[in-house]
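Only one structure is covered here, and it is reproduced in the block below.
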Amino acid sequence: MDEYNHLKIEKKWQSFWDKKKLYKAKENPKKKKFYGLIEFPYPSGDGLHVGHIKSNTAMDIICRKRRAEGFEVLYPIGWDAFGLPTENYAIKHKMHPIDVTKKNTDIFRKQLKAGGFSFDWDREINTTDPKYYKWTQWIFLKLLENNLAYKKKMPINWCPKDKTGLANEEVVDGKCERCGTPVEKKEKEQWMLAITKYADRLDKDLDDVDFLEKIKIQQRNWIGRSEGANLKFKIEGTEEFINIFTTRIDTIYSGTFIILSPEHPALLKFKSKITNWNEVSEYIEKSKKETDIERMAEGKDWTGVPLKGLSVINPATSEKMPVWIADFVLAHYGTGAVFADAHDTRDFYLAKKYGLKLKVSIKPKNVSEEELEKITKFEKCFEEEGILFNSDQFDDLTSEEARPKIISWLKGKGLAESVTNFKLRDWIFSRQHYWGEPIPVVHCEKCGMVPLSEKDLPLKLPNVKNYEPTDTGESPLSAITKWVNTKCPKCKGKARRETDTMPNWAGSSWYYLRYTDPKNSKKFADPKNLKYWTPVDWYNGGMEHTTLHLLYSRFWHKFLYDMKLVPTKEPYQKRTSHGMILAPDGEKMSKSRGNVINPDDIIKQFGADSLRVYEMFMGPFDQAIAWNPDSIVGVRRFIERVWRLTDKISAKKQVENKKLDTLIHQTVKKVTEDIEAMKFNTSISQMMICVNEMEKAAEVSKENFELFVKVLSPFAPHVTEEIWSKMGHKKSIHTEEWPKFDKAKIVEDIAKIIIQINGKMRGMIEIPMNSQNTEIEARIKDEKGINKWLEGKKIIKIIHVPNRLANIVTD
RNA sequence: GCCCGAGUGGCGGAACUGGUAUACGCGCACGACUUAAAAUCGUGUCUCUUAACGGGAUGUGGGUUCGAUUCCCACCUCGGGCACCA
């Protein structure tokens, strides 16, 4: 055979597949379907990352296998193109974001095509296409109609020098990334989506999907369901109450003061009663400058300030309690207030620091005298659950037993109610940027906020020169008066358009639905297509999207399900994750570090097949691994060896080689199973072992070689296609059926049994399969190297793992 | 700080459900082919004592077990996420 020329071969087959539309997905009700999805890329100016190749190849392998197994497969691709980096790039280079996006997607498309992925390119979508974002806006209107979108004052990051709002990413160490000025919080009206209304279902329905366990756990922790109670603390001298959420009502008898978050509304309400307001307002100002993470950090010197003049009544003990504020209490969790006691590290710390009264009411089960003394003398903080004491009628109950009893007792007095709380917060949905979907509402002087009607969609972004941020914190759109000033759709009077845009998460929350019917102008997708293709059968993506994108799109999907617009409760049946590819130095690849590996270079030098196989071989799929420029050589060698093996194909159909037959069928089995478990690295080592063995043989039967090439084909689609056609086949290897292994050929009749003496490996014997203890015992008595360990010893027992190992335990 | 992972030769890593630790690949050393080099092929390659018999080793320290890379406890280090990057 002639020399392996990857450039020629890959180009040839890529255009062949394109021309034949080999990977086009059709709604074919006679066939079972498979919908494989990867996260559509953000077309950044840096070009395709080798990490994209990794996740795309993995799903490509799965989709190619599914086609071979007889499925109708949808493997689509598109662009998640709205967002800050494009806008910033456009501003910096004085280009329009539309042109930047066009340029970048063109580069990405070309790069992806060179990777040989079996995408259906006829279904390509782009979130910045008005034909697409029309439907993103449409879904927003549906959310609005159903009271799931609302406006609320929320703090944003504000740089007082640049007079601009900042994304969290643009805040480094609490300072503005560009000018270094400390960032402040500024209140601004923001559009919110009420994802918390779906918190319960987002949590519970995880039971019904096949997500990796770590993904479920992380989503559950993020949603943060906790069962507890809201308690009412009467403010002394008023008829008003402060509401406090707690999951540890069992500690109520030790509650000696309460702490509000510095943002708590009661502060302003009772300002007149607070006698040290100067001190308090200073503390509030200071806490505005810290992030939540800083505020809660363990081991920091927690601080607080008393609200002098205010006190509340403990609903259980009826004792008077002072009121404090402290920045580690967060406004947006629970009720933004806690009761403080000796059973919480931070409260304990604060009380000791400022000399506040403490009381203990929980003790550990089976506690020693000294231990209990330490706790009761406040030398140690006991945070866990335990046994109640100092708690009147609830004494001697466990924490768990006490909680429902205390709740119902206080409920009777009208001072408590059971509530389920979630850590999850509503989704801040507005951005003050140009490059996003305009929010399709107007503000009318007479009618107030009026949504656009469906026929006015899409509301297109105005095509203007200036889209730089304004110095008022408003969106750049607000400066475009021609666009902003409009008529009210209801009364035809004067109105202003909403100038905030949607976050990048909007377009990506439903894109998998659009793929089922990407050109539909009447609906976001035809129900028939949705019925056929959804749910996505297998969605692979990064762990970094677990809590945001994955949760947001589950939320939108559930909403659409409630509207009877999609046929399934969940968008994704199965979710797996890939690990990142790091630079050769073990750091993240980034332009500024100058350690980026460009896939184009690798494809040119080694070929797309080598790149694909290398990325699958480099390590466990879900782990982060550093790029190793030397290792790809080994993979390239492997492909060349496969290429040269074609010279060994025998003219005879059958070649007598039992050992090779077994190995080939073992390989088919291993690759078939490993692909399902995403253990691509071990499938490739198995194929390498197989190649080593085929090289040793004088000739290889055509039948065996074809089995081998078929299992390799999803990994290295070009070279296998070339070999296949050179073997005289007229049809593409990628339309062949997935090979089946012959069970009879895999079974071996001799077992190699490891002999251990008292747990130490002392030798190995070959013995017929399924031999019994007595046969093994008889054999080892004569086995040199083993029997010497048994001299003068008495065998107590033999632990026998059939066909694998026997451990002889002696006295 | 909180949540989720990971830690095995010079390097990437393998090890089924608790059952030969280091498969496969890279690198390195030696050899074959060659006038020579590259490419290719072959052999070897955890470590200590070494010719052999043995002993030790899966981040650290304990535990369970006939047997632990695998399970349990404590600790150390590294990576991802923490809500306006995507």
Side-chain angles (χ1 to χ4, degrees), chain A residues 39 41-42 44 80 82-85 88 154 156-157 165-171 190 195 213-215 217-222 224 291-300 328 332 423-433 503-505 508 542-549 551-552 577 579-580 582 586 588 614 617-620 622-635 637-638 640-641 644 673 679 681-682 684-689 691-692 695 752-764 785 788 796-801 804-810:
Chain A
E39 286 158 354
Y42 182 80
S44 78
D80 186 15
F82 272 131
L84 202 55
N88 287 341
M154 290 298 288
I156 62 165
N157 300 312
L166 297 173
N168 281 352
E169 199 197 38
E170 298 170 296
V171 181
Q190 300 274 34
I195 189 173
E213 203 48 39
K214 61 176 173 183
I215 295 174
I217 292 169
Q218 210 155 324
Q219 284 217 351
R220 287 217 160 95
N221 289 343
W222 184 261
T291 65
D292 287 359
I293 297 169
E294 287 162 357
R295 282 167 62 162
M296 294 203 299
E298 189 104 11
K300 95 163 203 175
F328 62 79
H332 48 70
K423 277 205 193 97
L424 186 70
R425 313 206 292 259
D426 274 346
W427 173 4
I428 304 176
F429 197 68
S430 6
R431 300 291 183 272
Q432 292 73 49
H433 288 288
N504 161 283
W505 307 109
S508 61
M543 262 330 264
E544 71 275 18
H545 288 116
T546 304
T547 49
L548 300 178
H549 159 65
L551 205 62
Y552 290 151
S577 74
M580 290 210 301
L582 305 170
K588 238 183 179 173
Y614 168 61
F617 183 60
M618 63 196 294
D622 63 347
Q623 249 171 258
I625 298 160
W627 184 269
N628 184 343
D630 299 325
S631 272
I632 193 165
V633 183
V635 166
R637 270 181 212 153
F638 163 69
E640 285 177 7
R641 291 162 83 185
R644 284 197 300 263
E673 290 167 358
K679 287 159 81 176
N681 53 337
T682 50
I684 293 164
S685 13
Q686 179 69 26
M687 289 190 278
M688 284 172 168
I689 292 169
V691 165
N692 291 344
E695 277 181 341
K752 290 176 181 170
I753 293 183
I754 302 303
I755 304 300
Q756 291 185 337
I757 315 281
N758 295 322
K760 291 250 183 222
M761 215 279 262
R762 296 303 181 192
M764 188 184 68
K788 66 172 180 185
I796 298 168
K797 62 174 171 177
I798 297 177
I799 291 154
H800 182 198
V801 183
R804 183 154 280 174
L805 167 141
N807 187 12
I808 321 293
V809 185
T810 65

Taking only residues two or more places apart in sequence, or in another chain, which ones meet A:D80 in a salt bridge (Lys or Arg N to Asp or Glu O under 4.0 Å)? none
Winner on side-chain proximity to A:W222, out of B:C66, B:A86, B:C82, is B:C82
Quick one: on RNA chain B, does A:M580 or A:P41 contact a more 5' nucleotide (nearest heavy atom)? A:M580
Within the sub-3.5 Å range, which N or O atoms of nucleotides 4-15 of chain B have a protein N or O partner, and how far apart are they?
residue, atom, partner, partner atom, Å
B:C4, O4', A:Q218, OE1, 3.2
B:C4, O2', A:Q218, OE1, 3.4
B:G12, O2', A:M618, O, 2.4
B:A14, OP1, A:N681, ND2, 2.7

Anything under 30° is parallel, anything over 60° is perpendicular, the rest tilted; go ahead and classify A:Y614 against A:W627. perpendicular
Counting the atoms with a prime plus P, OP1 and OP2 as sugar-phosphate, which does A:E213 contact under 4.0 Å by heavy atoms, base, sugar-phosphate, or nothing? nothing
Considering only atom C1', compute the distance from B:C82 to B:C66 and round it to an integer number of Å. 47 Å
Determine, for nucleotides 41-54 of chain B in 5'-to-3' order, which nucleotides have protein heavy atoms under 4.0 Å from the base (write B), from only the sugar-phosphate (write S), or from neither (write -). S-----------SS
Can you work out whether A:M688 or A:L424 has the more 5'-proximal nearest nucleotide on RNA chain B? A:M688
Rounded interatomic separation in angstrom, taking NZ from A:K752 and P from B:G19: 19 Å
A:P85 near the nucleic acid: base, sugar-phosphate alone, or nothing, with a heavy-atom cut-off under 4.0 Å? sugar-phosphate
Kindly indicate whether the side chain of A:R220 and the base of B:C3 share any N or O donor-acceptor pair separated by less than 3.5 Å? no
For B:U64 versus B:C53, give the span between their C1' atoms, rounded off to a whole number of Å. 33 Å
Using the P atoms only, state how far B:C3 lies from B:C75, rounded to an integer number of Å. 13 Å
Give A:H545 one of three labels, base, sugar-phosphate or nothing, depending on what nucleic acid heavy atoms sit under 4.0 Å from its own. base
Distance, rounded to the nearest Å, where A:Q756 contributes CD and B:U20 contributes C1': 8 Å
Base, sugar-phosphate or nothing for A:I689? Non-hydrogen atoms, less than 4.0 Å. sugar-phosphate
Classify the angle between the aromatic ring planes of A:W505 and A:H545 as parallel (below 30°), tilted (30 to 60°) or perpendicular (above 60°). perpendicular
Taking syn as a glycosidic torsion within 90° of 0 and anything else as anti, which one is B:G63? anti
Could you state the NZ-C1' distance from A:K760 to B:A68, rounded to the nearest angstrom? 13 Å
In whole angstrom, give me the gap between the P atoms of B:U70 and B:G61. 13 Å
The criterion is salt bridge (Lys or Arg N to Asp or Glu O under 4.0 Å); which residues satisfy it with A:R637, sequence neighbours excluded? none
What's the gap between B:C76 and B:G10 when it is taken at their P atoms, as a whole Å value? 26 Å
Can you list everything that forms a side-chain contact (heavy atoms from CB on, under 4.5 Å) with A:D426? Sequence neighbours excluded, please. A:Y150, A:M192, A:A194, A:I195, A:T196
Using the P atom as the point on both nucleotides, what is the distance between B:U60 and B:G54, in whole Å? 26 Å
Distance between P atoms of B:A21 and B:G56 (Å, rounded): 12 Å
Between the protein and nucleotides 29-34 of chain B, list every N/O to N/O distance that falls short of 3.5 Å.
none

